[in-house]
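One structure is given below, encoded as structure tokens.
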Number of protein chains: 2
Amino acid sequence: MSQVPGKAAGDTRSRILDAGERLFMEHGFDGTSMRMITSQAGVNLAAVNYHFGTKELLIQEVFRRRLTHLNQSRLAALDQLEAEAAGVPIKPSRIVDAFFGTALRMAADVEGGGHTFMCLLGRTYTEPNEFVRQFLAEEYAECVERFLAALYRALPEVDRNEILWRFHFMMGAMSYAIAGTDALQLVTGKFDDENPSRLAPRLMSFLLGGLRAPLAEFGALK
Amino acid sequence: MSQVPGKAAGDTRSRILDAGERLFMEHGFDGTSMRMITSQAGVNLAAVNYHFGTKELLIQEVFRRRLTHLNQSRLAALDQLEAEAAGVPIKPSRIVDAFFGTALRMAADVEGGGHTFMCLLGRTYTEPNEFVRQFLAEEYAECVERFLAALYRALPEVDRNEILWRFHFMMGAMSYAIAGTDALQLVTGKFDDENPSRLAPRLMSFLLGGLRAPLAEFGALK
DNA sequence: GATTCATTAAAACGTTTGTTTGAATCATAC
DNA sequence: GTATGATTCAAACAAACGTTTTAATGAATC
């Protein structure tokens with residue numbers, strides 16, 4: 001019998017993960033208490049420590065649950081690109097789509113929780129909790145390494161350091177576009193449509209424009 | 001006589017603001033306790049409540065102290081552009097520089113605390129504390145409104161909604177470039193140079209490339 | 001039906017949180 | 001020198017925090 005109305009779907013473990021994912025996204029790690037999580041999940045307070053050990057291990061599991069799959073999808077897309085290319089240079093736009101487009105498609109999944117998770121991921125990039133940073137670094141290592149290598153091969157005439165910077169900028173534009181609640185939304189009101197599927201083509205166009213921009217002349221902006 | 005070594009410079013109020021600015025940037029609002037702030041500032045615990053009332057009002061003052069000046073500088077730069085133009089359309093790149101370049105020049109001021117503040121500001125955009133959001137919206141309202149209007153005039157042939165989106169993306173790339181501690185930095189190690197002045201020309205080039213990118217064809221990315 | 005093991009329950013643990021209190025201290029004006 | 005008003009101080013406040021404990025409950029095995 002259900003403990004609370006609407007508790008039926010899913011076991012205790014995954015209900016905690018779902019509630020944590022949403023609350024961490026809305027209030028951050030420090031701003032989300034165990035009691036907030038367990039009451040939203042409709043489970044006993046002690047259940048988190050029983051199933052996950054500590055709050056930090058719960059946070060880690062919230063990320064691992066989806067991040068492993070995301071990066072595997074990215075690598076699978078890159079594998080396919082490289083297999084189809086068979087030695088011929090790959091267009092940078094295809095590589096960018098394999099990395100950022102895959103994330104955007106995950107973010108477009110509102111009902112399945114992908115959107116919530118991508119919001120959480122975006123805000124976590126600027127929330128330098130040491131514990132989470134270490135974990136993200138390990139989860140991302142292989143994926144980022146392979147995509148950077150692919151971009152280096154696709155743009156052999158461009159300085160590798162510049163490519164690194166632009167990957168960094170693209171990362172920012174994307175995570176912010178998904179997670180950011182910036183002054184724009186506050187001033188101008190909501191955008192025309194909340195549906196994240198409208199975001200993807202616009203963002204991809206912007207990212208490619210930035211990637212292809214002429215290199216900055218040397219010297220500091222003044 | 002100094003209470004702690006190195007306390008000499010500045011009064012209690014500004015020492016609290018400086019300590020709060022740095023700690024909020026490093027650990028977030030909820031992750032920074034009153035005791036962390038007062039001990040770093042070398043003042044008594046009760047000093048924060050005496051001078052600012054509550055923690056939230058301290059946060060508000062940390063932002064107001066620098067944000068008002070930043071947005072005034074932006075508006076002054078835009079005023080000058082429009083005065084020089086005297087009716088002739090202004091190049092979008094000049095407008096972008098007046099908004100984002102001004103912020104980047106503030107972020108380049110490491111010793112004066114501008115860099116710390118811009119890091120804090122960047123992470124705050126994705127930290128949707130309701131109290132801070134409301135405050136940022138009010139502080140930004142006039143500035144964003146005027147810059148959007150300027151971009152609309154500079155790009156009369158582009159749909160205004162597209163400009164709004166791209167401003168949003170630029171906002172993300174910049175704040176993330178300053179505040180973000182993303183997987184890249186974790187995987188690839190620090191960039192060649194920590195000096196933020198190297199960041200500015202690279203980012204400006206990326207932003208303009210994104211702004212000028214061809215508009216996305218209609219329909220969702222697939 | 002009794003035993004066993006995993007899970008849930010309520011209650012309490014010791015810390016830390018933001019804030020308040022009332023006395024001590026300071027500089028300044030008379 | 002004394003009075004005044006602002007500031008600092010040590011101490012304490014109730015509330016909320018993450019975690020632990022011990023008993024109750026559930027389902028499966030013999």
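Chain naming here is simple, since letters A, B, ... match the order of the sequence lines and numbering starts at 1 in each.
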Between [atom2] on [N] and [atom1] on [X], what's the gap in Å once rounded to a whole number?
X	N	atom1	atom2	answer
Asn44(B)	dC9(D)	CG	C1'	5 Å
Ile59(A)	dT19(D)	CD1	C1'	15 Å
Ile16(B)	dG18(C)	CD1	P	14 Å
Leu45(A)	dT20(D)	CG	C1'	10 Å
Tyr50(A)	dT21(D)	OH	C1'	15 Å
Phe52(A)	dG18(D)	CZ	P	15 Å

Is the phosphate of [N], meaning OP1 or OP2, less than 4.0 Å from a side-chain N or O of [X]?
X	N	answer
Asn49(A)	dG18(D)	no
Thr12(A)	dT7(C)	no
His51(B)	dT8(D)	yes

Requested in this report: Scan residues 54-65 of chain A for pairs that pass side chain to side chain donor-acceptor pair (under 3.5 Å), counting only residues two or more places apart or in two chains.
Outcome: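 Qualifying pairs, neighbours excluded: Asp18(A)-Arg65(A).
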Report task. Please list all pairs passing the salt bridge (Lys or Arg N to Asp or Glu O under 4.0 Å) test where one or both residues lie in residues 30-52 of chain A, with sequence neighbours left out. Result ->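 Residue pairs with at least one partner in residues 30-52 of chain A: there are none.
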Report task. Could you list the residues that satisfy ring pair (Phe, Tyr, Trp, His ring centres under 6.0 Å) with Phe147(B), not counting sequence neighbours? Result ->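 Ring pair (Phe, Tyr, Trp, His ring centres under 6.0 Å) check on Phe147(B) returns Phe99(B).
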Report task. Applying side-chain contact (heavy atoms from CB on, under 4.5 Å), name anything that partners Ala19(A), two or more places apart in sequence or on another chain. Result ->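 Partners of Ala19(A) by the side-chain contact (heavy atoms from CB on, under 4.5 Å) criterion, ordered by chain and then number, come out as Ile37(A), Gln40(A), Ala41(A).
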Heteroatom pairs (N/O) under 3.5 angstrom, protein to nucleotides 14-17 of chain D:
{"residue": "dC17(D)", "atom": "OP1", "partner": "Ser33(A)", "partner atom": "OG", "Å": "3.4"}

Query - Sub-4.5 Å side-chain heavy-atom contact between Leu121(B) and Leu136(B) - result: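 Counting from C-beta outward, Leu121(B) and Leu136(B) do come under 4.5 Å.
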Requested in this report: Consider the side chain of Ala46(B), meaning its heavy atoms from C-beta on, and name the nucleotide among dC9(D), dA9(C), dT19(C) that approaches it most closely.
Outcome: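 The listed nucleotide nearest to Ala46(B)'s side chain is dC9(D).
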Query - All salt bridge (charged side-chain N to carboxylate O under 4.0 Å, His left out) counterparts of Asp79(B), not counting sequence neighbours - result: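 So Asp79(B) forms a salt bridge (charged side-chain N to carboxylate O under 4.0 Å, His left out) with Arg146(B).
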